[in-house]
Amino acid sequence: MSDKLFQKPKGTADLLPAVQAIWDKINRAAQEIFGRRYRFGRIDTPLFENYEIFARTSGDSSDVVSKEMYDFYDKGNRHLALRPEGTAGVVRAYVENKLYGPEYEKPVNLYYLESMFRYERPQAGRTREFHQLGVESFGSDSPFLDAQIIQMAIDFFQEFNLDNFIVKINSLGDEESRTNYRSALVDYLKQFEDRLSNDSKNRLKSNPLRILDSKDPKDQELLIDAPKILDYLNQESKDRFKKVTKALDDFDISYEIDNKLVRGLDYYNNTIFEIETRDPKLKSSATVCGGGRYSGMVEEFGGPETPAIGFGIGLERLITLVGQIEDQDHNDVYIVQTDKSVNEFANLLAKRLREKFHFGVLLDYTDRSMKSQLKSADRTKSRYSIVIGEEEVKNKKVTIKKMADGSQKKILLDKLTIGDFS
RNA sequence: GCGGUACUGGUGAAGUUGGUUAACACACCGGUUUGUGGUACCGGCACGCGCGGGUUCGAGUCCCACGUACCGCCCCA
């Protein structure tokens with residue numbers, strides 16, 4: 001085996017300087033759209049939480065909990081887990097910090113940008129550590145908010161000029177509707193139990209709704225005549241869903257009602273949605289955003305009954321769609337030294353230029369040839385170089401060279417102003 | 001967790017049916033008469049072919065195990 005001690009853990013990535021420009025842009029876009037336009041406040045929660053926080057909310061039968069969790073015991077024998085998704089931690093923080101209190105404006109709107117961890121086989125658009133940008137809104141059950149939240153995600157994608165996607169939406173209904181539907185679905189599928197795939201057989205007991213998005217072609221065939229969830233919504237849930245889709249229509253959002261959409265986590269009810277890209281770069285990982293309504297979770301953590309809705313955007317997936325953006329960063333001044341006798345002078349000059357003009361300043365510390373130093377000035381996209389030699393040191397002058405056209409001028413050090421560099 | 005493909009220098013890679021000195025290009029460093037860049041020319045740059053074993057007189061080239069990456073399944077962001 002190779003020297004695995006010196007390799008990064010499987011499914012992780014180093015984000016080198018060359019790749020940071022896009023992350024900066026994501027941060028700025030989140031701040032601008034979620035923070036400024038929608039007035040969501042940023043929240044950061046711990047990288048790890050008590051195991052139960054995720055296990056209970058996501059559901060024991062979910063893949064995330066049953067096989068993808070990075071859990072461990074600390075020295076105090078506490079069972080902890082690296083967060084596999086963002087919602088549970090935010091809800092925990094909402095309750096623990098009593099953000100439901102009267103001093104906070106309702107709904108309480110939060111967004112986060114954090115890394116998540118899932119023990120999975122890496123492939124395109126899927127790594128073990130990945131980043132999610134998500135929002136959560138607590139305290140409103142309005143269907144108009146559902147539409148607003150979906151619009152938020154779209155706004156974000158548009159900031160990156162992405163529009164080759166489809167919004168898929170479905171409603172799981174309220175508790176009552178969901179219970180009714182579940183038993184109707186189980187009754188229907190029971191008669192074909194021996195023809196179902198193994199996964200689906202297990203889910204028949206643990207989580208029958210998940211059978212709906214089975215990829216097994218035989219399962220799919222059996223599902224054609226299965227009861228449809230939208231037929232089982234009670235009047236209230238039905239009306240609610242209609243209001244959501246009406247609002248989406250009013251927003252000119254094109255969407256697709258997908259009555260087989262269920263999502264992998266257990267905590268959803270009423271509106272659920274996904275945004276899928278059609279870009280072939282992410283074939284089996286086309287979901288770039290997923291979310292929906294969840295009620296009951298705040299109570300589960302000991303808070304008051306609170307309706308909530310949120311979504312998460314997979315940032316690595318977003319980035320593979322956007323591609324890398326060019327780093328436009330320029331350096332201001334590169335100090336070129338004719339030989340090592342002027343090192344001291346040059347070194348001091350660098351300090352003064354940063355101090356006085358707040359310039360970006362670079363200089364060579366390896367006594368390379370002038371030619372090499374000028375090459376470096378080029379490569380670092382320096383706007384100016386300052387040549388320092390014996391003559392300059394003796395006369396307390398600097399030779400300023402404008403890189404773009406090669407023009408030079410000599411100026412007394414004491415007379416140097418910022419205007420000499422514009 | 002299951003299946004497939006790949007793995008040669010800083011990078012892209014060539015390496016024929018296993019047989020001396022690992023091609024070529026880019027990048028980098030240096031030089032082309034001594035204080036000036038992005039061009040041109042010249043020179044330098046893998047004691048090693050993911051890691052560990054094995055087969056063989058001999059392996060980058062064959063076999064096995066492991067690691068990682070990529071693709072597919074499952075599932076998701």
Side-chain angles (χ1 to χ4, degrees), chain A residues 1-13 58 61-68 83-87 113-134 153 197-200 202-203 207 210 213-217 219 261-265 274-277 281-291 310-321 334-339 341-342 366 368-382 384-393 399-408:
Chain A
M1 70 187 88
S2 69
D3 235 332
K4 58 184 174 186
L5 269 180
F6 302 118
Q7 287 180 239
K8 62 186 175 326
K10 185 175 188 152
T12 61
S58 294
S61 67
S62 68
D63 285 51
V64 166
V65 172
S66 59
K67 61 179 198 186
E68 295 171 359
R83 60 172 171 245
E85 57 92 30
T87 301
L113 169 25
E114 296 180 321
S115 47
M116 308 290 160
F117 302 83
R118 261 123 96 155
Y119 191 86
E120 290 189 284
R121 203 64 184 272
Q123 54 180 276
R126 173 179 303 157
T127 49
R128 291 183 169 184
E129 178 183 16
F130 62 101
H131 295 78
Q132 231 174 304
L133 171 63
S197 66
N198 286 334
D199 272 350
S200 294
N202 292 331
R203 284 179 184 146
N207 194 345
R210 284 282 305 289
D213 72 348
S214 167
K215 301 296 187 299
D216 189 294
D219 286 354
L261 182 65
V262 290
R263 318 237 345 107
L265 306 173
E274 287 185 357
I275 299 179
E276 272 182 29
T277 177
K281 273 182 276 193
L282 286 174
K283 272 177 281 187
S284 64
S285 305
T287 306
V288 290
C289 173
F311 66 72
I313 291 173
L315 295 178
E316 277 77 1
R317 289 180 185 181
L318 172 79
I319 288 172
T320 74
L321 296 179
Y334 194 105
I335 300 176
V336 175
Q337 306 157 76
T338 56
D339 64 87
S341 69
V342 302
T366 55
R368 293 186 305 154
S369 68
M370 256 184 102
K371 174 173 176 159
S372 305
Q373 294 179 64
L374 278 157
K375 245 182 178 174
S376 291
D378 247 350
R379 264 214 302 201
T380 54
K381 295 186 216 150
S382 299
Y384 287 87
S385 58
I386 292 184
V387 180
I388 301 297
E390 278 178 53
E391 187 200 327
E392 283 84 353
V393 172
T399 300
I400 300 175
K401 179 188 181 90
K402 188 171 187 176
M403 294 304 283
D405 57 21
S407 62
Q408 298 193 173

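Since this is a predicted model, take the numbers as computed values, not measurements. Lettering of chains follows the sequences in order, A, B, ..., and the numbering in each one begins at 1.
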Inset, instruction - Return yes if a side-chain donor-acceptor contact under 3.5 Å exists between A:Ser197 and A:Asp199, otherwise no. - result: no
Inset, instruction - Assign each of A:Ala124 and A:Ser214 to its nearest nucleotide of RNA chain B by heavy atoms, then name whichever residue's nucleotide is nearer the 5' end. - result: A:Ala124
Inset, instruction - For A:Glu391, report the nucleic acid contact type (base, sugar-phosphate, nothing); a contact means any heavy atom under 4.0 Å. - result: base
Legend entry - Nearest to side-chain heavy atoms of A:Val387, which nucleotide of B:C75, B:G35, B:U36: B:G35
Legend entry - A:Glu274 vs A:Asp199, nearer the 5' end of RNA chain B by closest nucleotide: A:Asp199
Legend entry - Pairwise C1' distance, B:U8 and B:G15 [rounded to whole Å]: 9 Å
Inset, instruction - Applying side chain to side chain donor-acceptor pair (under 3.5 Å), name anything that partners A:Ser214, two or more places apart in sequence or on another chain. - result: A:Asp219
Inset, instruction - Provide the distance between the two C1' atoms, one in B:U68 and one in B:A25, to the nearest whole Å. - result: 27 Å
Inset, instruction - Provide, to the nearest angstrom, the distance between the NZ atom belonging to A:Lys10 and the C1' atom belonging to B:G1. - result: 11 Å
Legend entry - Dot-bracket encoding per residue of RNA chain B, Watson-Crick/G-U cut-off under 3.5 Å, | denoting interstrand: (((((((..(((......[....))).(((((.......))))).....(.(((..]....))).))))))))....
Legend entry - Sugar-phosphate only, base, or nothing, as touched by A:Gly125 at under 4.0 Å among non-hydrogen atoms: base
Inset, instruction - Could you give the distance separating B:A6 and B:U61 at their P atoms, to the nearest angstrom? - result: 14 Å
Legend entry - Pairwise P distance, B:U5 and B:A77 [rounded to whole Å]: 31 Å
Legend entry - B:C49 to B:A23 separation - P atoms, rounded to the nearest Å: 15 Å
Legend entry - A:Gln123 side chain near B:G72 phosphate (N/O to OP1/OP2, under 4.0 Å): yes
Legend entry - Nearest-neighbour nucleotide for the A:Met403 side chain, B:A77, B:G37, B:G31 considered: B:G37
Legend entry - Per-nucleotide protein contact string for nucleotides 39-46 of chain B (B base, S sugar-phosphate only, - none; heavy atom under 4.0 Å): -B------
Legend entry - Same-atom distance (P) from B:U16 to B:G60, integer angstrom: 12 Å
Inset, instruction - Quick one: label A:Asp213 by what it contacts on the DNA or RNA (base, sugar-phosphate, nothing), any heavy atom closer than 4.0 Å. - result: sugar-phosphate
Inset, instruction - Take atom CD1 of A:Ile275 and atom C1' of B:A77, then tell me their distance rounded to the nearest Å. - result: 12 Å
Inset, instruction - Using distance alone, with no hydrogens and no angle criterion, decide if A:Thr277 and A:Arg317 have a side-chain donor and acceptor under 3.5 Å apart. - result: no
Inset, instruction - Would you mind classifying the nucleic acid contact of A:Glu316 as base, sugar-phosphate or nothing, using non-hydrogen atoms under 4.0 angstrom? - result: nothing
Inset, instruction - For A:Met370 and B:U34, give me the distance from atom CE to atom C1', rounded to whole Å. - result: 12 Å
Legend entry - Distance, rounded to the nearest Å, where A:Lys402 contributes NZ and B:G37 contributes C1': 16 Å
Legend entry - Whole-Å gap separating C1' (B:C75) and NZ (A:Lys215): 7 Å
Legend entry - Sequence-distant partners of A:Lys67, salt bridge (Lys or Arg N to Asp or Glu O under 4.0 Å), two or more places apart: A:Asp63
Inset, instruction - Verify the distance criterion only: is there a donor paired with an acceptor across the side chains of A:Glu392 and A:Thr399 at less than 3.5 Å? - result: yes
Inset, instruction - Give one of base, sugar-phosphate or nothing for A:Gly11, where a contact means two heavy atoms less than 4.0 Å apart. - result: sugar-phosphate
Legend entry - Nucleotide B:A69, atom C1' - distance to NZ of A:Lys8 in whole Å: 8 Å
Legend entry - salt bridge (Lys or Arg N to Asp or Glu O under 4.0 Å) pairs, two or more places apart, involving residues 125-134 of chain A: A:Glu120-A:Arg126
Legend entry - Spacing of the P atoms in B:U56 and B:C51 (rounded, Å): 23 Å
Legend entry - Any N/O donor-acceptor pair, A:Glu392 side-chain to B:G35 base, under 3.5 Å: yes
Legend entry - A:Lys381 side chain vs A:Arg379 backbone, donor-acceptor pair below 3.5 Å: no
Inset, instruction - Provide the distance between the two C1' atoms, one in B:U55 and one in B:C29, to the nearest whole Å. - result: 43 Å
Legend entry - Nearest-neighbour nucleotide for the A:Glu120 side chain, B:G1, B:G37, B:A77 considered: B:A77
Inset, instruction - Sequence neighbours left out, what passes ring pair (Phe, Tyr, Trp, His ring centres under 6.0 Å) with A:Tyr384? Give chain and number order. - result: A:Phe421
Inset, instruction - Indicate yes or no for a side-chain donor-acceptor contact from A:Arg210 to the backbone of A:Ser200 under 3.5 Å, with no hydrogens or angles considered. - result: no
Inset, instruction - Decide yes or no for A:Ile275 and A:Ile313: does some side-chain heavy atom of the first lie under 4.5 Å from some side-chain heavy atom of the second? - result: no
Inset, instruction - Round to the nearest Å and state the distance from A:Gln7 atom CD to B:A69 atom C1'. - result: 10 Å
